[in-house]
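As structure tokens, the structure follows; a few thoughts come after it.
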There are 2 protein chains.
Amino acid sequence: MTIGLAPVETQPLHEVVYERLRHALMSGQLAPGRKLTSRKLAKELGTSDMPVRSALMRLQALRALEQLPNGSMVLPAMTKARFDDLMTTRLVCEPAAARQAVEQLDRGGLLKLRQVAVALTAAAEDQDIDAYLYHNHDFKFAIYAACGSPSLLFLIETLWLQVGPFLRQFSGQFDNDLRGILELDYHDEIVKCLEDRDSEGVVELLTRDIRDGHAFLMENGQFE
Amino acid sequence: MTIGLAPVETQPLHEVVYERLRHALMSGQLAPGRKLTSRKLAKELGTSDMPVRSALMRLQALRALEQLPNGSMVLPAMTKARFDDLMTTRLVCEPAAARQAVEQLDRGGLLKLRQVAVALTAAAEDQDIDAYLYHNHDFKFAIYAACGSPSLLFLIETLWLQVGPFLRQFSGQFDNDLRGILELDYHDEIVKCLEDRDSEGVVELLTRDIRDGHAFLMENGQFE
DNA sequence: TTGTTATTTTTGCGATCGCATTTTATAAAA
DNA sequence: TTTTATAAAATGCGATCGCAAAAATAACAA
């Protein structure tokens, strides 16, 4: 008699590589401008270059990587124009997702949001930028995931995949300059609006949140 | 002395295959549910399966293809829920793009739009669905391309890449049922608003355009 | 040191091979 | 005819090879 366990689902290698690269991108381990060559990456990861090529092409399709004329993949540099553009498009998608989420969020979702908001405030007080960025992502996507629209969620994810690497330039920094952004914290107010099913309030606050981050980074970010 | 011509830029094969597949998708040559196997496609295209694999993965990254548990790629079936979702997200992105385009459109752009609008009306009168769909795509993207936001344009393109194959189910049909959608034609009014720089009017009309198409297809489309 | 040329290494990319699994076709049995 | 068992073909996927182009390095001259 066989044991009552499902067989181990071994993911394809190219899927594993993709996830690792995607995570490395979003957690800011790769600096903009960095060139990613399939052979070298393959050697690092201990695979052949084939699965790496697959993963790189997928990331490029999502515009998380850029293809040089010679075919090499580069983490695109962030210019002010591009950042401006991405943030403006965030303003189109994310408040809309939040508005839809207002009706969908259940008690469990709200509970989680309250917890993340606490962690977020703590991170801000500690001036812990890494924790702040982590929980901020967690917070926003807890809302967006509740919008009930897979397609809109997907679009937002591709936007974050492009902005993410840039945000992480602040990782590890503790300049006083950064206090500003950490201190204006709409998260608690957003939770309150969500509890009250106040969709206009959520949209208003989230818009301000993104705008403030936009303005702050246009000032303090290191652009190409 | 060499001739004054730039060297012939030979695109990589996987790029050619990608473009061909992408075009086949958007022009509805591939029916939803159709399974795309790299080896068979490669044989059809006269290449090895490697460049085909690349192209398929890119399309899958954009959600234009779906990956079965065994790794095969399928053109995803269109359910009412998915169509609903995609059209709702279109309503988020496209009017926003159009609003931005109002300020950017120059005389040349408006001229082209007027021409396309004429072709569109003619196609509607002729009940020529293929021509209608073709010019409709042309018309909308002439507006969106003028929005000046590469990221928003990209998001809209991924949405159309998913909806496109489904729309083409009507290709070749000439039922009377289809008159309805072909007759409500906001395009001329949209052009007028664009000429007047009336952004609210554009948003209003485009929203109605998408909504009407949405409602019509929910009625008359063949869902999975 | 600085600029130029030659040499070596790396890289993108397509083809082909091999293995394990799945799918399809075929044959046998009910 | 329908169902089951068996054989054959097709498929996903990773590795490896080879070629041409590009990039990096070394060698040399000014």
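So that the names make sense, note that chain A is the first sequence line, chain B the second, and so on, each numbered from 1.
- Using a 4.0 Å cut-off, no side-chain N or O of B:Thr37 falls inside it from OP1 or OP2 of D:dA10.
- The aromatic rings of A:Phe83 and A:Phe166 lie tilted to each other, with the angle between the two planes from 30° to 60°.
- A salt bridge does not link A:Glu44 to A:Arg39: none of the charged side-chain nitrogens sits closer than 4.0 Å to a carboxylate oxygen.
- Applying the side chain to side chain donor-acceptor pair (under 3.5 Å) test to residues at least two apart or on different chains, the pairs with a partner in residues 73-99 of chain B are A:Ser149-B:Asp85, A:Ser149-B:Thr89, A:Ser151-B:Asp85, A:Ser151-B:Thr89, B:Arg82-B:Gln162, B:Asp84-B:His214, B:Arg90-B:Glu94, B:Glu94-B:Tyr144, B:Glu94-B:Trp160, B:Arg99-B:Glu200.
- As rounded to whole Å, 13 Å separates atom C1' of D:dG18 from atom CG of A:Asp49.
- Under the rule for a salt bridge (Lys or Arg N to Asp or Glu O under 4.0 Å), B:Glu103 has no partner lying at least two apart in sequence or in another chain.
- At its two ends the helix from C:dG3-D:dC28 to C:dA30-D:dT1 runs along axes set 10° apart, each axis drawn from five pairs and the angle rounded to 10°.
- For the pair A:Gln222 and A:Gln169, the tightest heavy-atom approach, listed with the atom from each and the gap, is N-OE1, 2.9 Å.
- On the nucleic acid side, DNA chain C contacts chain A at distances under 4.0 Å to non-hydrogen atoms, with the end points of that region at C:dT11 to C:dG14.
- When all heavy atoms of A:Leu75 and A:Leu30 are compared, the closest pair comes out as CD2-O, 3.1 Å.
- What separates CZ of A:Arg39 from P of D:dC19 is a distance of 13 Å, to the nearest Å.
- Here the closest non-hydrogen pair linking B:Gln67 and B:Gly71 is CG-O, 3.8 Å.
- Qualifying side chain to side chain contact (heavy atoms under 4.5 Å, CB included) partners for A:Asn70, counting only residues two or more places apart in sequence or in other chains: A:Leu68, A:Ser72.
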Could you run down the sub-3.5 Å N/O contacts of the protein with nucleotides 21-24 of chain D?
unit_1 : atom_1 : unit_2  : atom_2 : d
D:dA23 : OP1    : A:Asn70 : ND2    : 3.1

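- Taking atom CG on B:Leu56 and atom C1' on D:dC13, their separation rounds to 13 Å, with Å as the unit.
- Atom OH of A:Tyr134 has 12 or fewer neighbouring heavy atoms from other residues, nucleotides or ligands inside a 6.0 Å radius.
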